[in-house]
Amino acid sequence: MVFAKTRLGRFMNRPAKKNEAYCPTHHEQVANCFTHAVFIFPAMAGVALLSHLSKTTLHNFVAWLYGIGLVCLFTISSMFHAVCLSNKFYTLRWFLHLGDRFIIYGFIAASYMPWLLLQDVGYVGEAVTWLLWSAAVLGTIYTFVFYEKYKVIEIILYLVIGICPSFSLFFARESKAVKELALGGAFYVLGVPLFKCDGRIPFAHALWHLFVVCGAACHFYAVLTYLYT
């Protein structure tokens, strides 16, 4: 029994205490870094492809806005987990950890832009776009002010900002790729329990990263197939 616990300790630490961040093992941190770093260059290629396929200024603007959000999500996450592999650079680690949380809000907002701006959703689409980015800014401020506190509220904010804007597509004259949007969203939502299972399931955060990749892949496929080509 002791041997089993010792071996498990190499791959998973104890859950974090209240108002403290979880400290992954070295093996977990390598997995956390790799599961997002490997998708940085494919994301960059995707941005270039959408930009190349753009036929209007709006299409090009949305391609870069959406694409930069996607690239930054993978890049900042990978940088944070890579820096955490060292016992140095504490200030940089703090900034990257905040950035890793901030970019989630920006990425959620950017992910909706192809659906809200490239389809005729009318005034509802414009209003939701403004509300979505405003919510992303407020969420970023909240995370900065209450860093590592009230984590459940932070998760609720992510879910509300990630789910609620989708209802605006009911007002679209011709709403495309809604099934793919819902499928990608389902991957994100189903991965949330893993996001909260550090210290309970080995490599939980890396598994959460893979759910994020699957959700992002569904959305990119939909944007490329139905809104650009």
### Message
To the nearest 0.5 Å, what is the distance between OH on Tyr228 and CG on Leu53?
### Response
9.0 Å

### Query
Stepwise, does the side-chain contact (heavy atoms from CB on, under 4.5 Å) test hold for Tyr147 with Trp94?
CA-CA 10 Å; Tyr147 177 66; Trp94 181 77; 3.6 Å; yes

### Task
Quick one: do Met44 and Phe41 satisfy side-chain contact (heavy atoms from CB on, under 4.5 Å)? Show the steps, please.
CA-CA 5 Å; Met44 290 181 176; Phe41 288 109; 3.9 Å; yes

### Task
Inspect the surroundings of CZ in Phe171 and state if more than 12 heavy atoms from other residues, nucleotides or ligands are less than 6.0 Å away.
no

### Message
Rounded to the nearest 0.5 Å, what separates atom CG in Leu50 from atom NE2 in His52?
### Response
11.0 Å

### Task
With the side chain counted from C-beta on, respond yes when Tyr90 and Arg93 share a heavy-atom pair under 4.5 Å apart, and no when they do not.
yes

### Task
Could you list the residues that satisfy salt bridge (Lys or Arg N to Asp or Glu O under 4.0 Å) with Glu154, not counting sequence neighbours?
Arg101

### Query
Is it the case that one hydrophobic cluster holds both Ile104 and Val152, taking links as side-chain heavy atoms less than 4.5 Å apart, direct or via other members?
no

### Query
Under 4.5 Å between side-chain heavy atoms, hopping through other hydrophobics if needed: is there a path connecting Leu116 to Leu131?
no

### Query
If you group Ile, Leu, Val, Met, Phe, Trp and Tyr by side-chain heavy-atom gaps below 4.5 Å, do Leu98 and Leu138 land in one group?
no

### Query
Are side-chain heavy atoms of Leu49 and Leu224 found at a separation under 4.5 Å?
yes

### Query
Side-chain heavy atoms under 4.5 angstrom apart, residues restricted to Ile, Leu, Val, Met, Phe, Trp, Tyr: same cluster for Val121 and Trp130?
no

### Task
Measure across Cys33 and Ala82 and return the closest heavy-atom pair with its distance rounded to 0.1 Å.
SG-CB, 3.9 Å

### Task
Hey, could you give me the CD1/NZ distance between Ile201 and Lys196, rounded to the nearest 0.5 Å?
13.0 Å

### Summary
In short, Tyr112 meets Ile163 closest at the heavy-atom pair OH-O, 3.7 Å

### Message
Ring centroids only, cut at 6.0 angstrom: are His209 and His81 within range, meaning strictly under it?
### Response
yes

### Query
Which pair of heavy atoms, one from Phe203 and one from His27, lies closest together, and at what distance?
CE2-O, 3.4 Å

### Message
Tell me if the OH atom of Tyr142 is crowded by more than 12 foreign heavy atoms within 6.0 Å.
### Response
yes

### Query
So which heavy atom on Ala43 is nearest to which on Phe74, and how close?
CB-CD1, 4.0 Å

### Task
Any chance you could measure Ile40, atom CD1, to Thr75, atom OG1, to the nearest 0.5 Å?
4.0 Å

### Message
Using the ring centroid of each side chain, check whether His36 and Trp208 are separated by less than 6.0 Å.
### Response
no

### Query
If every non-hydrogen atom of Ala31 is compared with every non-hydrogen atom of Ala206, which pair is closest and at what distance?
CB-CB, 3.8 Å

### Message
Using ring centroids (six-membered ring only for Trp), state whether Tyr105 and Tyr158 fall under 6.0 Å.
### Response
yes

### Task
Any chance you could measure Ser77, atom OG, to His97, atom NE2, to the nearest 0.5 Å?
10.0 Å

### Query
Taking everything shown except Met113 itself, do over 12 heavy atoms lie less than 6.0 Å from its CE?
yes

#### Entry: Minimum side-chain heavy-atom gap Trp115-Val223 below 4.5 Å
yes

### Message
Using every non-hydrogen atom in the two residues, find where Ala216 and Phe107 come nearest and quote the distance to one decimal.
### Response
CB-CZ, 4.3 Å

### Task
Indicate yes or no: at least one non-hydrogen side-chain atom of Phe102 is less than 4.5 angstrom from one of Phe144.
yes

### Task
Please round to the nearest 0.5 Å and tell me the distance separating atom OG1 of Thr143 and atom CG of Leu157.
7.5 Å

Would you be so kind as to tabulate the donor-acceptor pairs closer than 3.5 Å made by side chains of residues 57-73, with sequence neighbours excluded?
| from | atom 1 | to | atom 2 | distance (Å) |
| --- | --- | --- | --- | --- |
| His59 | ND1 | Thr56 | OG1 | 2.8 |
| Asn60 | OD1 | Ser51 | OG | 2.8 |
| Asn60 | OD1 | Trp64 | NE1 | 3.4 |
| Trp64 | NE1 | Ser51 | OG | 3.1 |
| Tyr66 | OH | Phe220 | N | 3.3 |

### Query
Are Ile108 and Leu190 co-members of a hydrophobic cluster defined by side-chain heavy atoms under 4.5 Å apart?
yes

### Query
With a 4.5 Å heavy-atom cut-off, do Leu96 and Phe89 have their side chains touching?
no

### Under 3.5 Å: donor-acceptor pair, side chain of His205, backbone of Asn32
no

